[in-house]
K.L.:
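First the structure, then my questions, so here it is.
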Amino acid sequence: MEGDCLSCMKYLMFVFNFFIFLGGACLLGIGIWVMVDPTGFREIVAANPLLITGVYILLAMGGLLFLLGFLGCCGAIRENKCLLLFFFLFILIIFLAELSAAILAFIFRENLTREFFTKELTKHYQGNNDTDVFSATWNSVMITFGCCGVNGPEDFKLASIFRLLTLDSDEVPEACCRREPQTRDGVLLSREDCLLGRDLFLNKQGCYTVILNAFETYVYLAGALAIGVLAIELFAMIFAMCLFRGIQ
């Protein structure tokens, strides 16, 4: 009976570690996608030190879970106490680190609000100055997503540096102008009419809403995946200790 219980525990341990292996692969894939994504999300992340740190943490956690899932599977099948103990200790460290990251994300959630981005844009945006990383990033985002400002073109009425550099002659930056196709290489429909703020020639929708809609599914997916991974890790730790104690 005890042997059957141990065997059952071993295979349950293998299954849970296989899911940890898959979860690590998914987190690793999401992190790599964010870093190399050509559609503009990479620029948003790069402009915020908190976000870029989060991506590196995601990559590190994904890589470690990928490795530990593999080690856990080997430890369970081979009934190796050394591997199981190593797995338990490291999965505990990762579990606590992920929990800490979730708490920090909740604490610093105000850095992702509409008000925060609006304040930063109106304070630091310099128009077509591509030597300024902040401005170049926003220009890339607005062109890529076909949007203008955080809330809309009206944001640039409050952008002090932009208004000073353009001597109040332009209502919006060139990055807000509609293109055909809507890419950096696309042809402007009418640069002059756009800079004068004429609706037919500029993108009216704010970037916050556009990007939120574009990535809403991915945000919920990442959140659900994170909760699932934490739950699987918790069960895997329990099974690892039970299996460790059961092996003679």
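Here the structure is a predicted model, which is why all the values come from computation and not from measurement.
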K.L.:
Which heavy atom of M142 sits nearest to which heavy atom of G149, and what is that distance?
P.N.:
SD-N, 3.2 Å

K.L.:
Can you give me the closest heavy-atom contact between C207 and C148, atom names plus distance?
P.N.:
SG-N, 3.8 Å

K.L.:
Starting at CD of E192, measure out to CG of D170 and round the result to the nearest 0.5 Å.
P.N.:
10.5 Å

K.L.:
So L165 and N129, do their side chains get closer than 4.5 Å, heavy atoms only?
P.N.:
no

K.L.:
May I have the step-by-step check of side chain to side chain contact (heavy atoms under 4.5 Å, CB included) for F134 and W138, ending in yes or no?
P.N.:
CA-CA 6 Å; F134 182 88; W138 265 104; 3.4 Å; yes

K.L.:
Could you tell me which residues satisfy disulfide (SG to SG under 2.5 Å) with C177, sequence neighbours excluded, listed by chain and number?
P.N.:
C194

K.L.:
Do the non-hydrogen side-chain atoms of N139 and Y125 ever get within less than 4.5 Å of each other?
P.N.:
yes

K.L.:
Taking all heavy atoms of V172 and all of L195, pick out the closest pair and write down the distance.
P.N.:
O-CD2, 3.2 Å

K.L.:
Does S140 reach the main-chain N or O of A136 with its side chain, forming a donor-acceptor pair under 3.5 Å?
P.N.:
no

K.L.:
What residues, two or more places apart in sequence or in another chain, satisfy side chain to side chain contact (heavy atoms under 4.5 Å, CB included) together with V210?
P.N.:
F145, C147, Q205

K.L.:
Other members of the hydrophobic cluster containing L200, with the 4.5 Å side-chain heavy-atom rule, please.
P.N.:
L189, F201

K.L.:
State yes or no: do L188 and I143 share one hydrophobic cluster built from I, L, V, M, F, W and Y residues joined by side-chain heavy-atom distances below 4.5 Å, directly or via other members?
P.N.:
no

K.L.:
Taking side chain as C-beta onward, heavy atoms only, is E174 less than 4.5 Å from R179?
P.N.:
yes

K.L.:
If only atom types and distance count, is the side chain of R163 paired as donor or acceptor with the main-chain N or O of L158 below 3.5 Å?
P.N.:
no

K.L.:
Roughly how far apart are L196 CG and L202 CG, rounded to 0.5 Å?
P.N.:
10.0 Å

K.L.:
Test side chain to side chain contact (heavy atoms under 4.5 Å, CB included) on I161 and H124 and set out the steps.
P.N.:
CA-CA 7 Å; I161 299 178; H124 300 294; 5.6 Å; no

K.L.:
State the OG1-CG distance between T209 and N151, to the nearest 0.5 angstrom.
P.N.:
7.5 Å

K.L.:
Might you point out which heavy atoms bring L59 and L28 nearest each other, and give the distance in Å?
P.N.:
O-CD1, 3.4 Å

K.L.:
Please enumerate all residues that pass side chain to side chain donor-acceptor pair (under 3.5 Å) together with K204, with sequence neighbours excluded.
P.N.:
D199

K.L.:
State which residues pass side chain to side chain contact (heavy atoms under 4.5 Å, CB included) with E171; sequence neighbours excluded, sorted by chain then number.
P.N.:
K157

K.L.:
State, with a plain yes or no, whether a side-chain heavy atom of F162 is found less than 4.5 Å away from one of T166.
P.N.:
yes

K.L.:
Supply the atom-to-atom distance E154 CD to F156 CZ, rounded to the nearest 0.5 angstrom.
P.N.:
9.5 Å

K.L.:
My understanding is that only residues two or more places apart in sequence, or in another chain, count here; which of them pass side chain to side chain donor-acceptor pair (under 3.5 Å) with N203?
P.N.:
none

